[in-house]
Student: 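Let me give you the structure first, and then I'll get to my questions.
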Amino acid sequence: MALKTEQNVAGTYDVIVIGAGPAGYVAAIRCAQLGLKTACIDNWINEKGKASPGGTCLNVGCIPSKALLQSSEMFEQASKKFKLHGIVLNSVELDLPAMMQRKNKIVSELTRGIASLLKANKVQSIAGTARLLADRHVEVTKDQAQTIYAAQNVIIASGSSSIEIPAAPLTDNIVVDSSGALAFDSVPQKVGVIGAGVIGLELGSVWRRLGSEVIVLEAQGAFLPMADEEISADAARAFKKQGLDIRLNARLLGTEIIAVAGSKKVQVTYQVGSQDCQETFDKLIVAVGRKPNSDHVFDEEVDLVLDERCFIHVNEKCETSQPAVYAIGDVVRGPMLAHKGSEEGVMVAELIAGQFAEINYDLIPSVIYTHPEIAWVGKTEQQLKAAGENYKSGKFPFAASGRAKAQGDTTGLVKILSHAETDRVLGVHISGPQASELIAQAVIAMQMQASAEDLALTVFAHPSLSEALHEAALAVDNRAIHLPPDK
Ligand code: FAD
Ligand code: AMP
């Protein structure tokens, strides 16, 4: 550790942010907007050996996965659906290197964009690995050299990493984590995915659409238990129809790299009930969740409290157990989502600047970018039941939507749950086309404390997918126009 004296402090700031992911870079920009002298330290290095701000989200998460989801969906449409529109292609060929290059270009343009935004806002970007010392001094290690900086306030936004499990050690470019699965150089014949969470389903969908046989092994008995049960069941039916083989109650026991006809494969042993089963895959994607990067980010002389799952303990204002030290994003409790971290970044910057700021943690939307897309905000029906809440429900299937029919994409439904007496919207759940965009309307409505009737009284353009939201709101009062009435 570098000696910490006032003489060797290389720079002093109002705020030092550790991490330039969507939590950290947003916090840094907002601090700078508010006139605070800010530095943002990040240690992400891309394959060219260059600093690459944007964290997991831009480098190996939200953005590259959505680029591949879009490309693979277009490939599947061209291969299977164009002919339904009367478009006949003689052949559809996959140019995987070009698809990967497109994804890489998007990542590099966006990460360079973040670097210039930080610069334009006069945030000092510092490349290296930061460690919080006592008295809000921060040691930065780069090329084995240490530099010390000091700040009035420190925001830790060090993010999260893929969980590795002893039963499936990452190896040989055959057993990979989500980052590896975003960079296969050919389409594997058979892909295994461990974990039917958001990341496992998205990456499984990418490779299935590009031609792999995909089997997803999920330890739990329930499919997508965090979503509304009706939406999970609807999505499970759609995935099955697509040929995505999701096996529940499948507990991974072990993996072994084996040679089959001169090429390396991975043999997976898993248990369903008391029965041992085996599958052999060309690639195995381990997507069993993510863990907070809280282990090396502060020195032991800083008495930061962690919770039992090693998240940095914070209150609702993202204050840690140490004065003027905040933590935001994936390294703290709450959903591991980019927009949740970014909003925490804005809130903390404003609190540091002495302003009032808060987040409505009840209204953070969740999205799964599969086909159908799945999106929700607020309470699920099972949560309302468990809480003994008196509620009403209105549903509208996309099969009854003119726009969805015209698009040739009628899977899924919109479901609205509202309070039985006050009619206030308590939850909105969507599976179907553009669910990721439609959910924003529900978030706005709920943020404004709208009732289902408020949505029912709103005029929606025809024909649009949004009309399904309108009809679901009408259905809460059993008066949807394009559905037969409930008995
Ligand atoms: P991160 O993005 O992890 O950034 C932390 C940064 O801090 C990194 O650059 C890291 O290198 C740096 N760092 C860590 N420790 C130090 C240190 N000691 N010194 C200096 N720098 C340090 N979320 C969504 O909302 N929507 C999606 O569609 C979505 N898709 C995803 C797809 C995949 C495949 C994955 C893996 C994740 C996805 N996520 C998605 C989750 C999302 O990426 C995270 O929630 C988000 O990146 C968290 O932001 P963060 O700023 O807290 O941390
Ligand atoms: P998420 O936390 O949303 O990324 O989802 C990870 C998923 O992986 C969860 O549904 C877990 O139940 C599942 N999972 C975790 N460990 C295993 C395991 N050993 N075998 C199969 N599934 C697992």
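Order of appearance sets the numbers: ligands from 1, and atoms from 1 within every ligand.
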Student: Which of the numbered atoms in ligand 1 are below 4.0 angstrom from a heavy atom of D330?
Tutor: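 Every atom of ligand 1 under 4.0 Å from some heavy atom of D330: 44 (C), 45 (O), 46 (C), 48 (C), 52 (O).
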
Student: Give the atom numbers and elements of ligand 2 that come within less than 4.0 Å of a heavy atom of Q220.
Tutor: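 Listed by number with element, the hits are 10 (O), 12 (O).
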
Student: Using a plain distance cutoff, I'd like to know if G61 has any nitrogen or oxygen under 3.5 Å from a nitrogen or oxygen of ligand 1.
Tutor: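 Such a contact does not occur with ligand 1.
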
Student: With P169 as reference, evaluate I257, T255, V286 under the side chain to side chain contact (heavy atoms under 4.5 Å, CB included) test and give the passing residue.
Tutor: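 That would be T255.
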
Student: Below 4.0 Å from ligand 1: does a non-hydrogen atom of V60 turn up there or not?
Tutor: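 The answer is yes, since V60 has a heavy atom less than 4.0 Å from ligand 1.
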
Student: Can a non-hydrogen atom of A250 be found less than 4.0 Å from any atom of ligand 2?
Tutor: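 It does; at least one heavy atom falls under 4.0 Å.
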
Student: Return the closest protein heavy atom for atom 8 (O) of ligand 2 as residue, atom name and distance.
Tutor: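 Protein heavy atom at minimum distance: G195 CA, 3.2 Å.
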
Student: Would you check whether A23 has a nitrogen or oxygen atom less than 3.5 angstrom from a nitrogen or oxygen atom of ligand 1?
Tutor: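 N/O-N/O distance under 3.5 Å: yes.
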
Student: How does I199 reach ligand 1, if at all, at less than 4.0 Å between non-hydrogen atoms: by side chain, backbone, both, or neither?
Tutor: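 For I199, only side-chain atoms sit under 4.0 Å from ligand 1.
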
Student: Any idea which atoms of ligand 1 are less than 4.0 Å away from a heavy-atom of G55?
Tutor: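 Close to G55: 2 (O), 4 (O), 8 (C), 9 (O).
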
Student: Backbone or side chain, does any N or O of K66 fall under 3.5 Å from an N or O of ligand 1?
Tutor: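 By distance alone, the answer is yes.
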
Student: Check each atom of ligand 2 against the heavy atoms of L252 and keep those under 4.0 Å away; list them by number with element.
Tutor: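 Checking each atom against L252, I get 19 (N), 20 (N).
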
Student: Are E350 and K317 close enough for a salt bridge, meaning some N to O gap below 4.0 Å?
Tutor: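 No, this pair does not count.
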
Student: Out of P166, G197, S366, whose heavy atom is nearest to atom 1 (P) of ligand 2?
Tutor: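 Minimum heavy-atom distance to atom 1 (P) of ligand 2 goes to G197.
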
Student: One residue to check: P53. Relative to ligand 1, which of side chain, backbone, both or neither has a non-hydrogen atom less than 4.0 Å away?
Tutor: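 For P53, there is no contact with ligand 1 at all, from either part.
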
Student: So, do F298 and V138 sit near enough that their side-chain heavy atoms are less than 4.5 Å apart?
Tutor: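 No, every pair of side-chain atoms sits at 4.5 Å or beyond.
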
Student: Just distances here: any N/O of Y369 and N/O of ligand 1 closer than 3.5 Å?
Tutor: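 For ligand 1, there is no N or O atom that lies under 3.5 Å from one belonging to Y369.
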
Student: Do E73 and Q77 get their side chains close enough for a donor-acceptor pair, meaning under 3.5 Å?
Tutor: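 Yes - a donor-acceptor pair under 3.5 Å links their side chains.
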
Student: Please determine whether side-chain contact (heavy atoms from CB on, under 4.5 Å) holds for the pair R247 and E279, giving the CA-CA distance in whole Å, both sets of side-chain angles, and the decisive distance to 0.1 Å.
Tutor: CA-CA 12 Å; R247 301 184 187 171; E279 285 287 348; 2.9 Å; yes

Student: Verify side-chain contact (heavy atoms from CB on, under 4.5 Å) between F75 and L210, making sure each step is shown before the conclusion.
Tutor: CA-CA 7 Å; F75 177 70; L210 296 180; 3.9 Å; yes

Student: Does the N or O separation between D42 and ligand 1 drop below 3.5 Å for any pair?
Tutor: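 Such a contact does occur with ligand 1.
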
Student: List the steps and the verdict of side chain to side chain donor-acceptor pair (under 3.5 Å) for S161 and R290.
Tutor: CA-CA 5 Å; S161 314; R290 298 181 61 79; 5.4 Å; no

Student: Should D282 and K190 count as an ion pair when the cut-off is N to O under 4.0 Å?
Tutor: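 A salt bridge is absent here (no side-chain N lies under 4.0 Å from a carboxylate O).
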
Student: Just let me know how K340 lines up against ligand 1, side chain, backbone, both or neither, with a heavy-atom cut-off below 4.0 Å.
Tutor: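 Under 4.0 Å from ligand 1, K340 contributes no heavy atoms.
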
Student: At under 4.0 Å between heavy atoms, is it the side chain or the backbone of I199 that contacts ligand 2, or both, or neither?
Tutor: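 It is neither part, as no heavy atom is under 4.0 Å.
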
Student: Mark up the atoms of ligand 1 that fall under 4.0 Å of a heavy atom belonging to H339, in ascending order.
Tutor: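 Listed by number with element, the hits are 25 (O).
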
Student: Under 4.0 Å from any heavy atom of G128, which atoms of ligand 1 are there?
Tutor: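 Ligand 1 atoms under the 4.0 Å threshold to G128: 19 (N), 20 (C).
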
Student: Charged N to carboxylate O under 4.0 angstrom, E76 versus R208?
Tutor: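 Salt bridge present between E76 and R208.
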
Student: What are the two closest non-hydrogen atoms of S205 and T370, and how far apart are they?
Tutor: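 For S205 versus T370, the nearest heavy atoms are OG-CG2, 3.6 Å.
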
Student: Which of the atoms in ligand 2, numbered in the order shown and given with their element, are less than 4.0 Å from a heavy-atom of G289?
Tutor: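 Those qualifying, in numeric order: 2 (O), 4 (O), 6 (C).
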
Student: Considering only the protein, which heavy-atom contact is closest to atom 53 (O) of ligand 1, and what is its distance?
Tutor: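 Looking at atom 53 (O) of ligand 1, the protein heavy atom closest to it is G159 CA, 3.1 Å.
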
Student: Please compare A130, A338, S366, G345 and report which has the shortest non-hydrogen distance to atom 25 (O) of ligand 1.
Tutor: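 Nearest option to atom 25 (O) of ligand 1, by heavy atoms: A338.
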
Student: One thing to verify: whether K37 and D14 come together as a salt bridge, which I'm taking to mean a side-chain N less than 4.0 angstrom from a carboxylate O.
Tutor: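 Not counted as a salt bridge, because no side-chain N and carboxylate O are separated by less than 4.0 Å.
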
Student: So if I count the atoms of ligand 1 from 1 in the order they appear, which ones are less than 4.0 Å from some heavy atom of C57?
Tutor: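 Going through ligand 1 atom by atom, the ones under 4.0 Å from C57 are 2 (O), 43 (O), 47 (O).
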
Student: Stepwise, does the salt bridge (Lys or Arg N to Asp or Glu O under 4.0 Å) test hold for R333 with E308?
Tutor: CA-CA 11 Å; R333 73 338 179 214; E308 66 289 353; over 6 Å; no

Student: Under 4.0 Å from a heavy atom of G329: give me the atoms of ligand 1 that qualify, with their elements.
Tutor: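 Near G329, meaning under 4.0 Å from one of its heavy atoms, ligand 1 has 52 (O).
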
Student: Which heavy atom of D409 sits nearest to which heavy atom of H371, and what is that distance?
Tutor: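 That closest heavy-atom pairing would be OD1-NE2, 3.0 Å.
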
Student: Mind listing the closest non-hydrogen atom pair of V140 and G128 along with its distance?
Tutor: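 Taking V140 first and G128 second, the nearest heavy atoms are CG1-CA, 3.8 Å.
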
Student: Kindly indicate whether a cation-pi arrangement holds for K283 with F184, taking the cut-offs as under 6.0 Å to the six-membered ring centre and within 45° of the axis.
Tutor: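 Yes, K283 and F184 form such a contact.
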
Student: Out of all atoms in ligand 2, which are within 4.0 Å of some heavy atom of A287? Include the element for each.
Tutor: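 Answer, ordered by atom number: 6 (C), 7 (C), 8 (O).
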
Student: Nearest non-hydrogen contact with atom 36 (C) of ligand 1 belongs to which option: R290, E139, M336?
Tutor: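 The option holding the nearest heavy atom is R290.
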
Student: Should P22 be counted as touching ligand 1, given the test is an N or O pair under 3.5 Å?
Tutor: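 For ligand 1, there is an N or O atom that lies under 3.5 Å from one belonging to P22.
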
Student: Among all protein heavy atoms, pick out the one at the shortest distance from atom 12 (O) of ligand 2; state its residue, atom name and that distance to 0.1 Å.
Tutor: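 Protein heavy atom with the smallest distance to atom 12 (O) of ligand 2: E218 OE2, 2.6 Å.
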
Student: For ligand 2, which atoms, with element, lie under 4.0 Å from some heavy atom of V198?
Tutor: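 Atoms satisfying the 4.0 Å criterion: 3 (O).
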
Student: So does E202 pair up with R209, basic N to acidic O under 4.0 Å?
Tutor: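 So E202 does not pair with R209 through a salt bridge.
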
Student: For atom 3 (O) of ligand 1, what's the nearest protein heavy-atom neighbour? Residue, atom name and distance, please.
Tutor: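 Protein heavy atom at minimum distance: T56 OG1, 2.7 Å.
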
Student: Could you tell me the residue and atom name of the protein heavy atom closest to atom 18 (C) of ligand 2, and the distance to it rounded to 0.1 Å?
Tutor: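 For atom 18 (C) of ligand 2, the nearest protein heavy atom comes out as I194 CG2, 3.9 Å.
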
Student: Are any of the N/O atoms on I165, whether in the backbone or the side chain, positioned under 3.5 angstrom from an N/O atom of ligand 2?
Tutor: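 N/O-N/O distance under 3.5 Å: no.
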
Student: Do E202 and ligand 1 have an N or O pair less than 3.5 Å apart?
Tutor: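 No, there is no polar N/O contact under 3.5 Å.
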
Student: Using a strict 4.0 Å threshold on nitrogen-to-oxygen distance, state whether E381 and K415 make a salt bridge.
Tutor: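 So E381 pairs with K415 through a salt bridge.
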
Student: Within the 4.0 Å heavy-atom shell around L217, which atoms of ligand 2 are there?
Tutor: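 So the atoms of ligand 2 that pass are 21 (C), 22 (N).
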
Student: Which of the numbered atoms in ligand 1 are under 4.0 angstrom from any heavy atom belonging to S65?
Tutor: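 With S65 as reference, the close atoms of ligand 1 come out as 32 (C).
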
Student: L337 heavy atoms, cut-off 4.0 Å: which ligand 1 atoms fall inside?
Tutor: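 Those qualifying, in numeric order: 23 (N), 24 (C), 25 (O), 45 (O).
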
Student: Using a 4.0 Å heavy-atom cut-off, which part of H296 comes near ligand 1: side chain, backbone, both, or neither?
Tutor: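 Near ligand 1, H296 shows nothing, with every heavy atom at 4.0 Å or more.
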
Student: Once you restrict to heavy atoms under 4.0 Å, what part of N59 touches ligand 1? Side chain, backbone, both or neither.
Tutor: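 None of N59 does.
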
Student: Can you find an N or O of G54 that's nearer than 3.5 Å to an N or O of ligand 1?
Tutor: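 Not met; the criterion fails.
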
